[in-house]
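One structure is given here, and the rest of the page talks about it.
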Number of protein chains: 2
Amino acid sequence: MRRMTARPANAHQARLLRLLRDGGPNSRAQLGDQVDLSRSKLAVEVDRLLETGLVVADGLAASRGGRRSHNIRLAPALRFLGVDIGATSIDVAVTNAELEVLGHVNHPMDVREGPVAVFEQVLAMAAKLKASGLADGYDGAGIGVPGPVRFPEGVPVAPPIMPGWDGFPVREALSQDLGCPVMVDNDVNLMAMGEQHAGVARSVGDFLCVKIGTGIGCGIVVGGEVYRGTTGSAGDIGHIRVEPDGRACVCGNRGCLEAHFSGAALARDAEDAARTGRSAELAARLEASGKLTAADVAVAAAAGDPTALYLIREGGNRVGQVIAGLVSFFNPGLVVIGGGVTGLGHTLLASVRTQVYRQSLPLATGNLPIVLGELGPTAGVTGAARLISDHLFSPA
Amino acid sequence: MRRMTARPANAHQARLLRLLRDGGPNSRAQLGDQVDLSRSKLAVEVDRLLETGLVVADGLAASRGGRRSHNIRLAPALRFLGVDIGATSIDVAVTNAELEVLGHVNHPMDVREGPVAVFEQVLAMAAKLKASGLADGYDGAGIGVPGPVRFPEGVPVAPPIMPGWDGFPVREALSQDLGCPVMVDNDVNLMAMGEQHAGVARSVGDFLCVKIGTGIGCGIVVGGEVYRGTTGSAGDIGHIRVEPDGRACVCGNRGCLEAHFSGAALARDAEDAARTGRSAELAARLEASGKLTAADVAVAAAAGDPTALYLIREGGNRVGQVIAGLVSFFNPGLVVIGGGVTGLGHTLLASVRTQVYRQSLPLATGNLPIVLGELGPTAGVTGAARLISDHLFSPA
DNA sequence: CTAACTTTCTCCACAGTCAGGACAAAGGCG
DNA sequence: CGCCTTTGTCCTGACTGTGGAGAAAGTTAG
């Protein structure tokens, strides 16, 4: 079939498309209740959208005491591709226009293999999803990469953990290969957008989304919009100092948060504990697989291993300390914790909460939920789909 | 004369008023170059503004090779009142519609005397300015208070250093007394707005404005707009922990930034140094006046006193440490340092810069100016005038 | 089954918004 | 003095958007 070519012609149409995306099918009358336009004007704009094929009217809804309404919905054949490139693995998903994930594949891969190899893999995964019948093509794609991005151009800038990506024209290259519009953003921002769209952050205007994976980052949402900073590096909290003269960090400094707690640091600490005999549980798991990950620590902690619990609590205290500072500064309405370490669950959360509630002032913490993300690995790909749909569902 | 009663009827008119406020008198043609409206539509809106009396056309500009243009300017009789209530003194200023300060008075007063006493003083100061012939009334007033504010209502909430102000209806009360519209905000936010309007932060979209006075706070500007947070306490960085098990703070915690460095902490440290014989210079000044302030330390430092210099550098390191974290997180395009301690000047600035440039990543610091505010005591009152003019120069 | 009512949707007349061209006013310059 | 530029005004025509009339399609009560 032909892909989406039209774009909303004005702000009203863009508004309607987003309402249909976020609220599902609606009648003209229901749409009218939400947009502050007269019924007549609304009808005109809906008709124009129907003409472009971006939305369709299919079937009649049940009567609510009067004439039955037509269901207006986004074109059911629209497909977005959400791509989340992590430090050690790639997630790719197809969504429909309502950003529901129809299919999701994951492939382990080190981002340091460089953009060419990674995108070869991404294209293969996109093709696989297509072959499985979930899509007959893509109308747009959102891409998340684990580092700062010059957003308007969709180009990574000076990414510390992705040598070889600096300046690579991700947006342009992928747009060419996929044959559809592409938007690129930091993976942490996409996670925030995902949780905002379909997760715990629905209806919260200002919030922080802390992603603890191989590294640590923080998505910042201000007034419902992702804040990216002057050079696209906003939220880069991994190198905030938490310990004077602490551990050496890859960035060249000492005592960075990321050096003391992150997926990578936790794995290192766990292996250390296993080798020095401080934890039989961890030692057994190291024996079995040759290396340890944050997931191993989570399992050991669930089994009651005191060393694992200690490591998680210590880490939680460190992150909590930083988050406490950010809460004082930013005064968010919600803090979401997500990423690979979500498996550490409530032990981690408890430490973070303790630090924040103890250190920050009551006015900022009084009504502040600190919660785990609820979308897990789909947060990033959902956010990616949201990114491109926000772009496409805005006036050209 | 009659005060301003009309408000802009639409967004175009609001836009025009702000252009005239920020750019001074303009011809219709010059305005047309800035607003993306046809000349005809522009002429209609200008005519309507002329009818309301908000703007006037007076005189002809010099020819630039063709027909001479009419000067369109904001009504010259418009007057705004800017009020900056600090912890220990009150600043009040009159401005014209272009927010130029026409008169400025200062009065020492402890904010803890409570809102009734403070506003009595404010009204007296406003009356004094009026009596001096600078204004025949006020069209609006902006008020800054040293604590968090529930912005839409203009009411202080849980202000730590202003007992007795919690919940006091500042906006309503003053609006009644002054007989004009009033807007209330945190003093730090107003300083940021002042520096944005007329100071070092012109044309910067995202920046931080750190005010170090009796306490420490930070104004946050995102996309040209002040960000206030969920409960109005954004920027409250005084109680971020900088020293595990550090000094006891009034907030009940230990190691808060404000306990280690602020105008109050610096004065305390200086008196301590004077009494323990570590600085003859400071001891002499203590002898002379009975107590020391940040200004005394500045003078001693300027005279080369090593203890004073040490205190400033130590303090700068502490603030710099916190700012470094905020820079990583927020990735601003500019950091402004202002408030009572601006007198500490470049010694302070050097320490802050050292910390930030050392601790934050190059992408965030590469093109980041860290500068002193250039408006001094007029920053707050200018920001206050800006606050109310932004309100009045927006569609009703 | 019919009448009355509700809800949804369409059609139409009218007021307002706005762009762009024609043109008048007012000056400079050779 | 004629030609140029700049500024400002006026007019037409296209488009935007409102609100009312009323048709379409259903439910409910008698």
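Reminder, nothing fancy here: chain letters follow the sequence lines and each chain counts from 1.
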When you check the side-chain N and O atoms of A:S389 and A:R21, is any donor under 3.5 Å from an acceptor?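 On atom types as modelled, these side chains qualify, holding a pair under 3.5 Å.
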
Do B:N367 and A:T231 meet the criterion of a side-chain donor-acceptor pair at a distance under 3.5 Å?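 No donor-acceptor contact under 3.5 Å links the two side chains.
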
Confirm from the modelled atom types if A:S40 and D:dG19 form a donor-acceptor pair under 3.5 Å, side chain to base only.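 Present.
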
Under 3.5 Å, is there an N or O donor on one side and an acceptor on the other linking the side chain of B:R67 and the base of D:dT7?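 Present.
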
Distance-only, no hydrogens or angles: does the A:R73 side chain make a donor-acceptor pair with backbone N or O of A:V55 under 3.5 Å?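 No, the answer is negative, given that no donor and acceptor are paired below the 3.5 Å cut-off.
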
Please pick, from [options], the nucleotide with the shortest atom-to-atom distance to any side-chain atom of [X].
{"X": "A:A43", "options": "C:dA25, D:dT18, C:dT10", "answer": "C:dT10"}
{"X": "B:K41", "options": "C:dC9, C:dC18, D:dG17", "answer": "C:dC18"}
{"X": "B:H70", "options": "D:dT18, D:dG8, C:dC18", "answer": "D:dG8"}
{"X": "A:R39", "options": "C:dT10, D:dT6, D:dA24", "answer": "C:dT10"}
{"X": "A:L37", "options": "C:dA25, D:dT18, C:dT10", "answer": "D:dT18"}

Flag the pair A:F330 / B:F330 as yes when their ring centroid distance falls below 6.0 Å, and as no otherwise.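 Not under 6.0 Å, so no.
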
What does A:S38 touch in the nucleic acid at a heavy-atom separation under 4.0 angstrom: a base, only the sugar-phosphate, or nothing?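 Answer is base: heavy atoms of A:S38 come under 4.0 Å of a base.
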
